[in-house]
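Model, not experiment: these values are computed from the prediction.
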Amino acid sequence: MHVSMTFNNDGSIDFVGTNGSNVNVDKYIGNGIGGFTLSGTYPANNLGFGTPRLAKSADLNADGLKDIVVLNTGAILNYCTSLLGTSTGSFSPFVDVVGGKIGSVNIGEFNGDIYPDIVCNYFGSAPNVTLYFNDGAIPTFTVTQVLATSPTLYRNFTTIADFNQDGKLDLLAVKTGTVNFREKLNIYLQQPIPTLTVTSSNNIICAGESAVLTSATNGAHTLFLNSQFLGNGSTTITITPTITTTYTVGALGGPSTVDDICPFMTDAIFTQSVSTCTGIEEATNTNLVSIYPNPANDFISIAVTEPVEVAGATTIHIINALGEIVLTEKATSSSTTLNIDNLTSGIYFVKIKSKNGSAIKKFIKN
């Protein structure tokens, strides 16, 4: 099979053909009046790994040049490769995209960026239709979404089109059915990609302490934390990391209105900072000082329970979870109010130091 396209931008239709032998694809340049001239032959696979059977064209890396994706049929497995167009009108060496029991390949933009994605249908022991997101200008196809599964074989046929005219590409696949329904046309309508945010109750915690991650989506999407099922819609989960840890929350889209599921996923990444809090553990002389409110938002009041005998003799330090002094104040009375509005959310320590001793107490800035 071949793909027709203008490869040299002269306005005439050209095409790339697969000849069913060796490992090459051939590019033919049209003259505008029905004639074509062979202008190049390009390897689309390694010898012994199949022969080109199907070619599709798209601008995979958004550089304004036409690229091709080739499905190569092997003895055991099929291989999908990509060849990027160059400014001289040729193609760069092929790059492997994916291998397996692939029956057909289609190209379309599914996840809202400018890079076309690839849809493959698989046959064999685990038949399915799988979408490979194009990650960018390299291009690479590393993010996969299984759009549909079937206990029986999918036919070697998929079609991409906007079936419900909502501006988003949908997918049609043919799969075998039951005894009474031998074949079945399945339409998978593209669902909105979820929006997702993740926040923590405390941006910085000490090792061994807990924080609450809150994830929020724009609908009743299924949520996962590092692939662990969380639930549907907005949800919270308590984490107790011992070191600074990055968490990935995924939101899986809703069902198709026609048949099966069409799960489009988005991810949000949150890094929970964890400090060892070395050197700022709370002292035993905690009756020296009290803090309120705790947790606090804009202001905290610090009350020193012993008399302040000499003005300025008591020093108040605000220390973050990394052990850094972020605010210093001299206490001239038994009660001092500090503005902490400029501090980021997290764990802090109030260190009171006077000629009679010192104490450290912890508070939380919301």
Side-chain angles (χ1 to χ4, degrees), residues 1-110 113-122 130-142 156-161 169:
M1 296 181 67
H2 69 274
V3 57
S4 299
M5 187 66 64
T6 299
F7 286 99
N8 58 354
N9 297 320
D10 64 353
S12 299
I13 296 298
D14 314 313
F15 75 88
V16 169
T18 59
N19 54 29
S21 62
N22 59 59
V23 295
N24 300 320
V25 293
D26 300 322
K27 185 174 72 173
Y28 293 86
I29 300 299
N31 60 11
I33 57 174
F36 295 89
T37 302
L38 178 64
S39 67
T41 297
Y42 309 93
N45 209 336
N46 288 317
L47 186 64
F49 285 85
T51 57
R53 182 172 67 85
L54 174 69
K56 298 280 185 176
S57 177
D59 186 1
L60 297 176
N61 56 352
D63 63 354
L65 302 173
K66 299 303 180 184
D67 315 309
I68 56 174
V69 173
V70 181
L71 178 61
N72 301 273
T73 304
I76 301 176
L77 299 177
N78 296 341
Y79 297 88
C80 186
T81 59
S82 65
L83 291 79
L84 298 182
T86 69
S87 59
T88 62
S90 62
F91 292 103
S92 63
F94 73 87
V95 175
D96 290 329
V97 175
V98 66
K101 294 185 176 181
I102 305 170
S104 68
V105 173
N106 258 300
I107 303 176
E109 204 288 288
F110 279 93
D113 59 15
I114 61 174
Y115 303 111
D117 310 304
I118 292 178
V119 175
C120 298
N121 80 295
Y122 286 83
T130 301
L131 171 63
Y132 293 86
F133 286 148
N134 183 355
D135 287 345
I138 299 176
T140 55
F141 300 86
T142 57
N156 298 343
F157 176 82
T158 56
T159 294
I160 295 174
L169 289 178

For this session: Examine distances only and state if a side-chain atom of Asp59 and a backbone atom of Gly64 form a donor-acceptor pair shorter than 3.5 Å.
Result: yes

For this session: Mind listing the closest non-hydrogen atom pair of Ser12 and Gly30 along with its distance?
Result: CB-O, 3.6 Å

For this session: If the plane angle is over 60° it's perpendicular, under 30° parallel, otherwise tilted; pick one for Phe91 and Tyr42.
Result: perpendicular

Exercise. Do any N or O atoms from the side chain of Asp26 and from the backbone of Thr41 form a donor-acceptor pair under 3.5 angstrom?
Worked result: no

Seminar exercise, completed: Closest heavy-atom pair, Arg53 versus Ile102, reported as atoms and distance to 0.1 Å, is NH2-O, 4.5 Å

Problem set entry | Side-chain donor/acceptor of Thr81 to backbone N/O of Ala44, under 3.5 Å | yes

For this session: Pick out which of Leu131, Ile107, Thr130 makes a side chain to side chain contact (heavy atoms under 4.5 Å, CB included) with Val119.
Result: Leu131

Problem set entry | Sidechain-backbone polar pair: Asn106 side chain, Ile160 backbone, donor-acceptor under 3.5 Å | no

For this session: Rounded to the nearest 0.5 Å, what's the gap from NZ on Lys56 to SG on Cys80? Could you check?
Result: 11.5 Å

For this session: Could you tell me which non-hydrogen atom of Gly17 sits nearest to which non-hydrogen atom of Phe15, and how far apart they are?
Result: N-CD1, 4.0 Å

Exercise. Counting heavy atoms not belonging to Ile76, are there more than 12 under 6.0 Å from its CD1?
Worked result: no

Problem set entry | Spatial distance of atom CZ (Phe36) from atom CD1 (Ile13) [nearest 0.5 Å] | 8.0 Å

Problem set entry | Partners meeting side chain to side chain donor-acceptor pair (under 3.5 Å) with Ser82 (sequence neighbours left out) | none

Seminar exercise, completed: Nearest heavy-atom contact between Gly34 and Asn31 is N-OD1, 3.4 Å

Problem set entry | Ser92 side chain to Leu84 backbone, donor-acceptor under 3.5 Å | yes

Exercise. When you check the side-chain N and O atoms of Thr158 and Asn121, is any donor under 3.5 Å from an acceptor?
Worked result: no

Exercise. Quick one: does Asp135's side chain have a donor or acceptor within less than 3.5 Å of a partner on Phe141's backbone?
Worked result: no

Exercise. Short question: side chain of Asn78, backbone of Leu71 - any donor-acceptor pair under 3.5 Å?
Worked result: no

For this session: Search all heavy atoms of Asp63 against all heavy atoms of Gly85 and return the closest pair with its distance.
Result: OD2-O, 4.2 Å

Problem set entry | Euclidean distance, Asp96 CG relative to Phe94 CZ, rounded to 0.5 Å | 5.5 Å

For this session: Any chance you could lay out the side-chain contact (heavy atoms from CB on, under 4.5 Å) test for Leu77 and Lys101, step after step, and finish with the verdict?
Result: CA-CA 5 Å; Leu77 299 177; Lys101 294 185 176 181; 3.9 Å; yes

Seminar exercise, completed: To the nearest 0.5 Å, atom CG of Leu83 lies from atom CD1 of Ile68 at 4.5 Å

Exercise. Which heavy-atom pair separates Asp67 from Leu60 by the least distance, and what is that distance?
Worked result: OD2-N, 2.7 Å

Problem set entry | Asn72 side-chain N/O to Tyr79 backbone N/O, donor-acceptor pair under 3.5 Å | yes

Exercise. Quick one: does Pro52's side chain get under 4.5 Å of Asn45's, heavy atoms only?
Worked result: no

Problem set entry | Close side-chain approach of Val98 and Tyr132, heavy atoms under 4.5 Å | yes

